[in-house]
Amino acid sequence: MKWAWICCVFCLICLHIQAGIYRKRDIDNPCFVTANTSRIEFKRLVLTEEQTQADAVFYGTPGEVAVISSDTYLTSGTQKFMLRESDCLSIDGQTEPERIPESGRMEVTLFFEPIPGDVQIVDFVSKQEGWKIWGIQLNEAEPYVYVPSFLETQNLTPTSSLPEPRLQPGRTIINGYILGYSEEMEMEVVFRHADWLFPNDWGRNVKVRQDGSFHIEAELLMAGGARLQINRAQLDLFLVPGEEMTVYIHLPRLSMSASRVLSHLYRDKQKAWFDGGEKNLNTELARWGYPLVADSDKHMNKLLTSLHHHKEAGKGYKEYVETNLLLDSYIRGTKQGEVKEEVVSPYAWYGYDYADYASLLYNNRQPQSEMWKEVVLAKSVCSNLIKNRKLESSDKKVMKGFHQTELCTYINKKAEIIESITRQNKAEDGYVIAELDSLVSGADILPSIISSYRGKAVLIDFWATWCGPCRRSMWAMRSLRKDVISKDVVYVYVTGPSSPEDIWKTAITEIKGVHYRLTQSQWDYLCRAYGIKGIPGYIIISYDGKLQDRYVGFPGVDVLRKDLLRASGQ
């Protein structure tokens, strides 16, 4: 019995020692999934029974006071581990704060409450500042992300020489999947693309669905660069009009490649995989990590030397990166008063900032080319279009003189989209009458109605002024509109000549949405082609422009609510 007790005590001592050893965890360069801030980054975590120590780098403007709120913590599920004290950073300004040095960075240490040994992942939250870092790993491993096997086995093919640039207006489609995303993350996704005619500084917000997927459609004047910003990270893209591509984004790798602490570890790791479009060039842009802009000419020359000696990078990739770096150097130097040589490259048009480059080039000393003179006039037309929300007759007259007809095609398409958005905005608070050209017929009718609403769900309601069930269903759908009005849904109502025009115009004043009154042949074709054998009838188009559901007779509010949420990607 005595020996049994001795053995038990010995085992307990061993377990206690093991627990003590396990409890102390020291993690250098902890990985994370994504962050909405670049103000603070973690370099090292030390976890003990008494506390959690976080060695970090705090970034800011030189001379700025270094302060953090007391409502700062690490969290795992429902558990919070509050900030206790800080070295260098003043908590709520209770102590005299230090100021950020000229380097713009400051080494700091934060001390939090201890984290239990079974916790492997935490989030960082500084509530008052709004800073969040998700998925910080309490081990040396990269965050786990499921990557489909067909992507992991995909070979990287070096890009051959770039095609000759040319004006080629058309639509590009991007279907994306953010691998590693969860609904708890606050995700800001912004899409921008190079555009000679329209300002694109603010970009377009992209909705990420519950499964991490997203869908983007954009009108392009020609092939060229684009940028997808995901929180604080950026993915460079090359888009081609008329082509569709799919991108799978490794969220942790992309996020960590943008981190100043971890970028050296993740610069050359594959951050995204592509299918369709310019697959090879986009894959290299997501792999090699050469920036398209530089801090200085010295930095640019260093990048170009490294790029030229890079044996695995393809010729087309090198041409694209070099062109962008040279254009950036010209813009940066010229704005600083330097005399810069014109960029001689057959791929200059592919530069993301080519429009800024050309404006500076021609404003300084170079005579404008005939084409660029038309571009300048086109930019003026587009400026008026943005202001007036439609093309005025005077601008249409200017466009008639363009020799570059591609400019006219592009502007007309953008005008159609802007006018459609204006109608949608008005339809949310009232009704809008939209006209469909009587010459539009057959298979072109439905695409002409819905083309401006891509990216949104569309409910098309077939009705008539004399139809009692149609009016009763509209009344019933008032509650539906309150629920789903903000869920990226457009309500479109179509009727035919059997609805007298004067009665129709009076009736629709009570029906919020976009209204079309079709010709008899247009109405007959739509009803026949989509099986609308009686009214009311309904067609639901999903955000990607595909037919999702069809009903003859009112299916009920609950059914339509469920279908519209699904069609809008909710």
Side-chain angles (χ1 to χ4, degrees), residues 19-77 79-143 186 231-233 252 255-256 258-266:
I21 295 172
Y22 170 72
R23 279 297 303 132
K24 187 174 189 310
R25 287 181 277 176
D26 196 330
I27 306 108
D28 287 323
N29 298 320
C31 297
F32 65 96
V33 176
T34 189
N36 71 353
T37 179
S38 58
R39 290 297 304 272
I40 190 166
E41 296 183 357
F42 293 115
K43 292 176 59 179
R44 182 168 173 258
L45 294 173
V46 181
L47 286 71
T48 68
E49 293 281 1
E50 294 76 29
Q51 65 182 10
T52 300
Q53 175 184 324
D55 296 333
V57 183
F58 190 77
Y59 299 94
T61 306
E64 177 186 1
V65 293
V67 179
I68 195 167
S69 73
S70 56
D71 197 5
T72 297
Y73 52 87
L74 301 174
T75 179
S76 176
Q79 301 179 86
K80 282 187 180 180
F81 313 101
M82 300 301 300
L83 177 66
R84 286 175 168 173
E85 35 181 323
S86 170
D87 179 29
C88 295
L89 276 177
S90 174
I91 299 177
D92 291 337
Q94 293 179 357
T95 59
E96 185 176 352
E98 296 188 25
R99 294 185 179 274
I100 297 175
E102 285 300 316
S103 63
R105 52 174 284 155
M106 174 187 287
E107 303 282 339
V108 302
T109 303
L110 305 176
F111 299 95
F112 297 88
E113 294 174 340
I115 297 175
D118 59 345
V119 175
Q120 299 298 316
I121 302 172
V122 294
D123 298 334
F124 167 81
V125 179
S126 187
K127 201 166 185 179
Q128 185 171 318
E129 288 82 2
W131 303 336
K132 292 185 180 180
I133 305 174
W134 289 271
I136 301 171
Q137 306 295 296
L138 303 184
N139 51 50
E140 303 290 344
E142 180 181 286
E186 297 170 9
N231 283 345
R232 304 305 302 175
S255 301
M256 292 186 288
S259 160
R260 284 168 279 196
V261 170
L262 299 176
S263 59
H264 66 288
L265 299 174
Y266 286 89

A.B. asks: Give the minimum heavy-atom separation between C88 and V108, together with the two atoms involved.
C.D. replies: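 The pair with the smallest heavy-atom distance is CB-CG1, 3.9 Å.
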A.B. asks: Taking R99 for the side chain and E64 for the main chain, is one N or O donor matched with an acceptor at less than 3.5 Å?
C.D. replies: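 Absent.
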A.B. asks: Might you point out which heavy atoms bring L89 and V67 nearest each other, and give the distance in Å?
C.D. replies: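 That closest heavy-atom pairing would be CD2-N, 3.9 Å.
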A.B. asks: So which of I133, L262, V261 actually passes side-chain contact (heavy atoms from CB on, under 4.5 Å) with F42?
C.D. replies: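 So the option named by the test is I133.
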A.B. asks: Check whether the ring centres of F124 and F32 lie less than 6.0 Å apart, and answer yes or no.
C.D. replies: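 When the ring centroids of F124 and F32 are compared, they turn out to be at least 6.0 Å apart.
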A.B. asks: Are F112 and V122 side-chain neighbours, meaning at least one heavy-atom pair lies under 4.5 Å?
C.D. replies: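 F112 does not reach V122 side chain to side chain.
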A.B. asks: Between E186 (side chain) and N36 (backbone), is there a donor-acceptor pair under 3.5 Å?
C.D. replies: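 Not a single qualifying donor-acceptor pair exists.
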A.B. asks: Using a distance-only test with no angle check, is there a side-chain donor-acceptor pair under 3.5 angstrom linking S69 and D92?
C.D. replies: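 Checked: S69/D92 side chains show no N/O donor-acceptor pair below 3.5 Å.
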A.B. asks: When rounded to the nearest 0.5 angstrom, what is the spacing between CZ in R84 and CG in L110?
C.D. replies: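 Reported value, rounded in 0.5 Å steps: 13.5 Å.
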A.B. asks: Could you state the interatomic distance from OG (S86) to CD1 (I68), rounded to the nearest 0.5 Å?
C.D. replies: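 Between atom OG of S86 and atom CD1 of I68 there are 6.5 Å.
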A.B. asks: Measure the spacing between NZ of K80 and CG of D71 and express it to the nearest 0.5 Å.
C.D. replies: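 CG of D71 is found 6.5 Å from NZ of K80.
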A.B. asks: For Y266 and C31, run side chain to side chain contact (heavy atoms under 4.5 Å, CB included): C-alpha distance rounded to whole Å, both residues' side-chain angles, the deciding distance at 0.1 Å, then the answer.
C.D. replies: CA-CA 10 Å; Y266 286 89; C31 297; 3.3 Å; yes
A.B. asks: What's the separation between atom CZ in R232 and atom OG1 in T37, rounded to the nearest 0.5 Å?
C.D. replies: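 Answer for the CZ-OG1 pair, R232 versus T37, is 6.5 Å.
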A.B. asks: Hey, does L45 have a side-chain heavy atom less than 4.5 Å from the side chain of R25?
C.D. replies: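 Answer no - side chains too far apart.
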A.B. asks: What are the two closest non-hydrogen atoms of V33 and P143, and how far apart are they?
C.D. replies: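 Scanning both residues, the minimum pair turns out to be CG2-CB, 3.9 Å.
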A.B. asks: So, does S90 use its side chain to make a donor-acceptor pair with the main chain of T95 at under 3.5 Å?
C.D. replies: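 It does hold such a pair.
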A.B. asks: Taking all non-hydrogen atoms of both residues into account, name the closest pair between F81 and P116 and its distance.
C.D. replies: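 Looking at all heavy atoms of both residues, the closest pair is CE2-CD, 3.5 Å.
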A.B. asks: How long is the gap from OG1 on T72 to NZ on K127, to the nearest 0.5 Å?
C.D. replies: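 Here the interatomic distance stands at 11.0 Å.
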A.B. asks: So do E129 and R39 actually touch side chain to side chain, heavy atoms under 4.5 Å?
C.D. replies: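 Side chain of R39 against side chain of E129, heavy atoms only: no contact under 4.5 Å found.
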A.B. asks: Give me the atom names and distance for the closest heavy-atom approach of Q79 to V119.
C.D. replies: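 For Q79 and V119, the tightest heavy-atom pair comes out as NE2-CG2, 4.0 Å.
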A.B. asks: Can you check whether V57 reaches K43 side chain to side chain, under 4.5 Å on heavy atoms?
C.D. replies: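 Heavy-atom side-chain distance check passes, below 4.5 Å.
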A.B. asks: For the backbone of D55 and the side chain of T109, can you confirm whether one donor and one acceptor N or O come within less than 3.5 Å of each other?
C.D. replies: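 No; zero donor-acceptor contacts below 3.5 Å.
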A.B. asks: Return yes if some donor-acceptor pair links the side-chain N/O of T34 with the main-chain N/O of S255 below 3.5 Å, else return no.
C.D. replies: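 No, T34 side chain to S255 backbone: no donor-acceptor pair under 3.5 Å.
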A.B. asks: Mind listing the closest non-hydrogen atom pair of I27 and E140 along with its distance?
C.D. replies: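 So the minimum-distance heavy-atom pair works out to CA-OE2, 3.6 Å.
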A.B. asks: Does a side-chain heavy-atom distance below 4.5 Å link S76 with I115?
C.D. replies: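 A side-chain contact under 4.5 Å is absent here.
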A.B. asks: Between E113 and M82, is there a donor-acceptor pair closer than 3.5 Å when you use the side chain of the first and the backbone of the second?
C.D. replies: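 Checking the backbone N and O of M82 against the side chain of E113, a donor-acceptor pair under 3.5 Å is found.
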A.B. asks: Main chain of G135, side chain of D123: is a donor-acceptor contact present, judged purely on distance under 3.5 Å?
C.D. replies: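 Yes: the side chain of D123 pairs with the backbone of G135.
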A.B. asks: Between R105 and I100, is there a side-chain heavy-atom distance shorter than 4.5 Å?
C.D. replies: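 The answer is no, as the side chains (C-beta and beyond) never meet within the 4.5 Å cut-off.
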A.B. asks: Just so I know, are the side chains of M256 and E142 near enough to count as touching, which here means a heavy-atom distance under 4.5 Å?
C.D. replies: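 Heavy-atom side-chain distance check passes, below 4.5 Å.
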